[in-house]
2 protein chains.
Amino acid sequence: MTAQRRVVAEVLDGEHVHLTADEVHSRAVDKLPEISRATVYNTLGELVSLGEVLEVATDKRAKRYDPNAHRPHHHLVCAQCGAIRDVHPTGNPLADLPDSERFGFAVSEVEVTYRGTCPNCAAA
Amino acid sequence: MTAQRRVVAEVLDGEHVHLTADEVHSRAVDKLPEISRATVYNTLGELVSLGEVLEVATDKRAKRYDPNAHRPHHHLVCAQCGAIRDVHPTGNPLADLPDSERFGFAVSEVEVTYRGTCPNCAAA
DNA sequence: AGCTTGATTTAGACATTGTCTACTCTAGGG
DNA sequence: CCCTAGAGTAGACAATGTCTAAATCAAGCT
């Protein structure tokens, strides 16, 4: 555990939002000016492998990193401004996929993304 | 409807798979060598606006284009090789999101992505 | 303390994907 | 035949992510 990794972890802990790698980097630089982009990417990659952080691929260009990896949840995305909220739907989508629709895959995860318009964008 | 647009439409129709923009471009070039990348992107964008084609954001870097836009469906992705299959789960995930979890959003769509290992990768 | 070894970090080049701009081409109206 | 508007083109540019070579650091050994 080096200073750089601690800073990346702190950035993600402090804000429990959904940051892009670049945003993580900017905030890390505020705390440790000499940290490099490559290190941020490396560290994020390690955190993902360790299961501490989730990669979220909404349809935006950049992946986002979600530190709330231990509590399973899904996402609600504003189609206009890209705002993301964590949501906890009822039901178990894994159970909704019959064997006949699995094509021999060993299915291990489901990711559900709801899309819509957030109150802010609806008002504007 | 120009020659270029017809070619893009043909590429997507012929293969009802999930191509990246670059793959669409390569195949379009086979049929019409002078077609440019920009035109492919423009045409794909128009098809998406028209609702003829869906953009699919699995976690891979590139967006994929799914011509099967009229029959609602979701996707099953191999975490190793990236293979994609269309699937039709039972149940309605929209109904599984209670009002208390909508944060004032007007929710209009759900996208469900199952992840796992395909038979090919499991064998290897 | 000084050395060695290996992992970590860095800077920057590179790759991929997508967007934008300025120019060219073509078809149709006058 | 010329003009115009839209479509297409080439290539520059931008954003995101990956890789490499060199510098740095930490830890153990003598």
Side-chain angles (χ1 to χ4, degrees), chain A residues 1-12 17-50 52-67 75 77 79-84, chain B residues 1-12 17-50 52-67 75 77 79-82 84 113:
Chain A
M1 173 64 79
T2 66
Q4 286 79 358
R5 295 185 189 189
R6 195 175 332 109
V7 166
V8 171
E10 276 171 23
V11 167
L12 286 172
V17 291
H18 305 79
L19 300 169
T20 63
D22 237 39
E23 287 163 350
V24 173
H25 180 232
S26 308
R27 294 177 197 232
V29 165
D30 290 344
K31 303 189 183 211
L32 188 71
E34 71 273 25
I35 197 169
S36 77
R37 269 177 1 110
T39 298
V40 171
Y41 278 102
N42 287 343
T43 306
L44 287 173
E46 284 164 28
L47 289 171
V48 170
S49 307
L50 292 172
E52 293 297 315
V53 166
L54 280 183
E55 268 181 11
V56 179
T58 70
D59 64 346
K60 291 288 176 187
R61 31 206 168 268
K63 288 180 211 160
R64 295 181 170 272
Y65 292 88
D66 185 339
H75 293 103
V77 180
Q80 291 186 47
C81 69
I84 303 178
Chain B
M1 175 63 78
T2 65
Q4 285 81 356
R5 296 184 189 191
R6 195 174 332 108
V7 166
V8 170
E10 276 170 21
V11 167
L12 285 172
V17 291
H18 304 80
L19 300 169
T20 65
D22 236 40
E23 287 164 350
V24 173
H25 180 232
S26 308
R27 292 176 198 232
V29 165
D30 290 346
K31 304 190 181 207
L32 187 71
E34 71 273 24
I35 196 170
S36 77
R37 272 180 356 112
T39 299
V40 171
Y41 277 103
N42 287 343
T43 306
L44 287 174
E46 284 164 27
L47 289 172
V48 170
S49 308
L50 292 173
E52 293 299 315
V53 167
L54 280 184
E55 268 182 11
V56 180
T58 71
D59 65 347
K60 291 288 177 189
R61 27 200 171 274
K63 287 181 213 160
R64 294 180 171 273
Y65 291 89
D66 184 339
H75 294 103
V77 180
Q80 290 186 47
C81 69
I84 302 179
T113 306

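Proteins come first, then strands; the chains are lettered A, B, ... in the order of their sequence lines, and each starts at number 1.
Partners of A:Ala21 under the side-chain contact (heavy atoms from CB on, under 4.5 Å) rule, at least two apart in sequence or in another chain, are A:Tyr41, A:Leu44, A:Tyr65. Applying the salt bridge (charged side-chain N to carboxylate O under 4.0 Å, His left out) test to A:Glu55 and every residue at least two apart in sequence or in another chain returns A:Lys63. Under the ring pair (Phe, Tyr, Trp, His ring centres under 6.0 Å) criterion, B:His25 pairs with no residue, sequence neighbours left out. For A:Ala83, the side-chain contact (heavy atoms from CB on, under 4.5 Å) partners are A:Cys78, A:Cys81, not counting sequence neighbours. Under the side-chain hydrogen bond (donor to acceptor under 3.5 Å, both in side chains) criterion, B:Thr43 pairs with no residue, sequence neighbours left out. B:Arg64 meets the salt bridge (charged side-chain N to carboxylate O under 4.0 Å, His left out) test with B:Glu23; sequence neighbours excluded. Legend: residues meeting side-chain hydrogen bond (donor to acceptor under 3.5 Å, both in side chains) with B:Ser36, ordered by chain and number and at least two apart, are B:Thr39. In terms of the salt bridge (charged side-chain N to carboxylate O under 4.0 Å, His left out) criterion, A:Glu52 has no residue partners (sequence neighbours excluded). In this structure B:Arg5 satisfies the salt bridge (charged side-chain N to carboxylate O under 4.0 Å, His left out) test together with B:Glu46, sequence neighbours excluded.
Per the geometry, CG belonging to B:Leu19 stands 17 Å off C1' belonging to C:dG18, to the nearest Å. The separation between B:His25 atom NE2 and C:dT16 atom P is 15 Å, rounded to whole Å. Between A:Ile35 atom CD1 and C:dA11 atom C1' the separation is 14 Å, expressed in whole Å. Look at CG on B:Asp22: it is 13 Å from P on C:dT19, rounded to the nearest Å.
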Inset, instruction - List the steps and the verdict of side chain to side chain contact (heavy atoms under 4.5 Å, CB included) for B:Leu12 and B:Leu47. - result: CA-CA 11 Å; B:Leu12 285 172; B:Leu47 289 172; 4.0 Å; yes

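Between the side chain of B:Arg37 and the base of C:dT17, no donor-acceptor pair under 3.5 Å is found.
Where DNA chain D meets chain A (any atom under 4.0 Å from a heavy atom), the bounding nucleotides read 5' to 3' are D:dT16 to D:dC19.
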Grab the N/O contacts between the protein and nucleotides 21-28 of chain C below 3.5 Å, and write none if there aren't any.
none

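Residues B:Ala21 and A:Gln4 both approach DNA chain C. Their nearest nucleotides, taken by heavy-atom distance, put A:Gln4 toward the 5′ side.
Residue-level contact check: B:Thr39 touches the bases, meaning some heavy atom is under 4.0 Å from a base atom.
Of the residues in residues 42-50 of chain A, none lies under 4.0 Å from DNA chain D by heavy-atom distance.
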